[in-house]
Amino acid sequence: MAVLGPEVCFHGYDSLITQCMGLGALREGQRVHAHMIKTHYHPNVYLETRLLIMYVKCGSLRDARMVLDVMPRRSIVSWTAMISGYSQSGLHFEGLDLFLQMLKIGMKPNEYTFATVLTSCTGPFGLENGIQIHSLALKSNFDTHIFVGSSLLDMYAKSGKIHEAHRIFDMLPERDVVSGTAIISGYAQLGLDEEALDLFRKLFNDGMECNYVTFASLLTALSGLAALNYGRQVHGLVVRREVPFYVVLQNSLIDMYSKCGNVAYSRRIFDSMPERTTISWNAMLVGYGKHGLGHEVVKLFKSMNMVKPDGVTYMAVLTGCSHSGLVDEGLDIFESMLDEKSVKPDIEHYGCVVDLLGRAGRIEKAFNFILDMPFEPTPAIWGSLLSACRLHANVHIGEFVFQRLLDLEPENAGSYVILSNIYANAGRWEDVLKVRQLMKEKTVTKEPGRSWIDLDKTVHTFHSGDRTHPQKEEINAKVMELFVKIKEAGYVPDLSCVLHDVDDEQKERILLGHSEKLAIAFGMMHTSYNGTIRIVKNLRICVDCHNFAKFVSKVCGRELSLRDKNRFHLVVGGSCSCGDYW
DNA sequence: TTAGGGTTAG
């Protein structure tokens, strides 16, 4: 850094500011600024703006704002740079407020300003403001500018308005890697994984440029689909194209491999990384957790010496402990959160503890824990306790919990099914009927169940009672064949999983049409004897299908890997890695 | 001088 002499000229200051900006050297920057004041040097608009940008880049928004506030004449660049600073720090409200002030004094935003301010239009009131800014951009003819356009489409996608986002994308007079990635990731972030993959294929075939961000977004969609074959292909493509393995991309690969069932490969990538962020650790912890490898979760977490855990880390660790029955370890870690205070536990963390206690059969303790929480219990928390009541046959608390769920979300079919399981387990068939009646009275909705299997570079999807599949007859015959075989080995269909008001024979038929069973049968038909059959389900796996899979694994000597909404179930020799709790 | 897309959880 140059020495500040008694007299520094414009070029001297400019060059010093540039150096500070490049190095992110805030204190040096402040010295340069102080020198100007001390020597009564009056910077022009350009130099003042440079000072402001330097402060933004060095992370001191307070200093930047001070410069802006004392500027006698503010340039559009200074307004935009300040809004950008707020936006990058997540201070969206401040960014929007400044934008409004700018409009109020008659300053006209340019394409830079629009592209920036639109990134602040997130959160509950984000879209409301965003739509108004969109119409302003339209009036000033900036809406089809490539940067403004990609900001706009990203804003709509993040607000769930994916059709509007796609419309804007289609209208862009030119597209590039950022706008293409924005729309793909928009679909992926909404869980519209197939759409994301289809769009990627189309754009890729049209010759779209791809970079590490594009591939990271695409891998998110492949994680969602558990499409291991595609995932491997994309990994290969990344290597062949010599796309730089930035941390973000490696994190996506860790996530993709573990969610596609190959957690050992995730660990290889994790171990090979020259530098890791908290997200790398989180992705690895989540991977172990989903596979029920709780001891690995705790071990890895305890080795996080140089990296600061965040809220997601604790979620991953507590969920991992819960899924593996490491109750005391989980409770200790939750206690440490309360003691250390570096990460304040939120309601999700409390929910993990309810799950931990419930799984261990400490139902009353879990119940009291909910009542003592500093938060209002959510349906998810009551739902977790209801599952525990089913596992540990606690009808008394189960009924109470069901009432709470009935108040909070009467339309959720899941709660009715679990209560019905609880009653059936206790042999209270009249109450099973009552639940069914209750369900009829309320308009209960259920997200349609879907299962899929990734075979021969194609994702085969099945719906419950699927009548559209070209091989439906062979598949149904295979399901029946398996059914007969496992029945001999002691499988009894769990009719309490069906809440339709039909006779038992019909219930059996409905159960046999569940998408998981169709996918299992299809997998049995198309894989070699030794291979693991990998099935994915969009919801939680039902009790009967879980049981079906266990019998199939035993009777047919096959290994099944079932990924449901929450975790993997590795089913081998008649038992499941989840220990029948999920 | 100022600008857009990204990875973990839910």
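Chain identifiers are assigned alphabetically (A, B, ...) following the order of the sequence lines, protein sequences preceding nucleic acid strands; residue numbering begins at 1 within each chain.
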**Touch class at under 4.0 angstrom, heavy-atom based, for A/Asp310 against every strand present** = nothing
**Request:** Using a 4.0 Å heavy-atom cut-off across all strands, classify A/Ser151 as base, sugar-phosphate, or nothing.
**Result:** sugar-phosphate
**Asked** Looking for any heavy atom pair under 4.0 Å, which part of the strands does A/Lys259 touch: base, sugar-phosphate only, or nothing?
**Response** sugar-phosphate
**Prompt:** If you measure from the Lys or Arg side-chain nitrogens to the Asp or Glu carboxylate oxygens, is any gap between A/Asp271 and A/Arg267 under 4.0 Å?
**Reply:** yes
**Asked** How is A/Gln189 classified with respect to the nucleic acid when contacts are heavy atoms under 4.0 Å: base, sugar-phosphate, or nothing?
**Response** sugar-phosphate
**Request:** Assign A/Val177 to base, sugar-phosphate, or nothing according to its heavy-atom contacts below 4.0 angstrom with the strands shown.
**Result:** base
**Asked** Heavy atoms under 4.0 Å, any strand shown: does A/Thr277 hit a base, just sugar-phosphate, or nothing?
**Response** nothing
**Pairing of A/Asp206 and A/Lys202 as salt bridge, 4.0 angstrom limit** = yes
**Item:** For atom OH of A/Tyr187 and atom P of B/dG6, their distance in whole Å
**Value:** 15 Å
**Message:** Any donor-acceptor pair, under 3.5 Å, between the side chain of A/Tyr212 and the base of B/dG6, if you only look at N and O atoms?
**Reply:** yes
**Message:** Does A/Thr220 reach a base, just sugar-phosphate, or nothing at all? Heavy atoms under 4.0 Å.
**Reply:** sugar-phosphate
Show the atom names and distances, to 0.1 Å, of all donor-acceptor pairs under 3.5 Å that link a side chain in residues 54-64 of chain A to residues at least two apart or in another chain.
unit_1	atom_1	unit_2	atom_2	d
A/Tyr55	OH	A/His33	ND1	2.9
A/Ser60	OG	A/Asp63	N	3.3
A/Ser60	OG	A/Asp63	OD2	2.8
A/Asp63	OD2	A/Gln30	NE2	2.9

**Prompt:** Across the strands shown, which category fits A/Phe114 at heavy-atom distances under 4.0 angstrom: base, sugar-phosphate, nothing?
**Reply:** nothing
**Prompt:** Side-chain donor-acceptor pair under 3.5 Å between A/Ser150 and A/Ser179, yes or no?
**Reply:** no
**Prompt:** Looking across every strand, which nucleic acid part, if any, lies under 4.0 Å from A/Glu111 by heavy atom: base, sugar-phosphate, or nothing?
**Reply:** base
**Asked** Base, sugar-phosphate, or nothing: which does A/Leu285 touch, judged by heavy atoms less than 4.0 Å apart?
**Response** nothing
**Prompt:** Which part of the nucleic acid does A/Thr116 contact within heavy-atom distance under 4.0 Å: base, sugar-phosphate only, or nothing?
**Reply:** sugar-phosphate
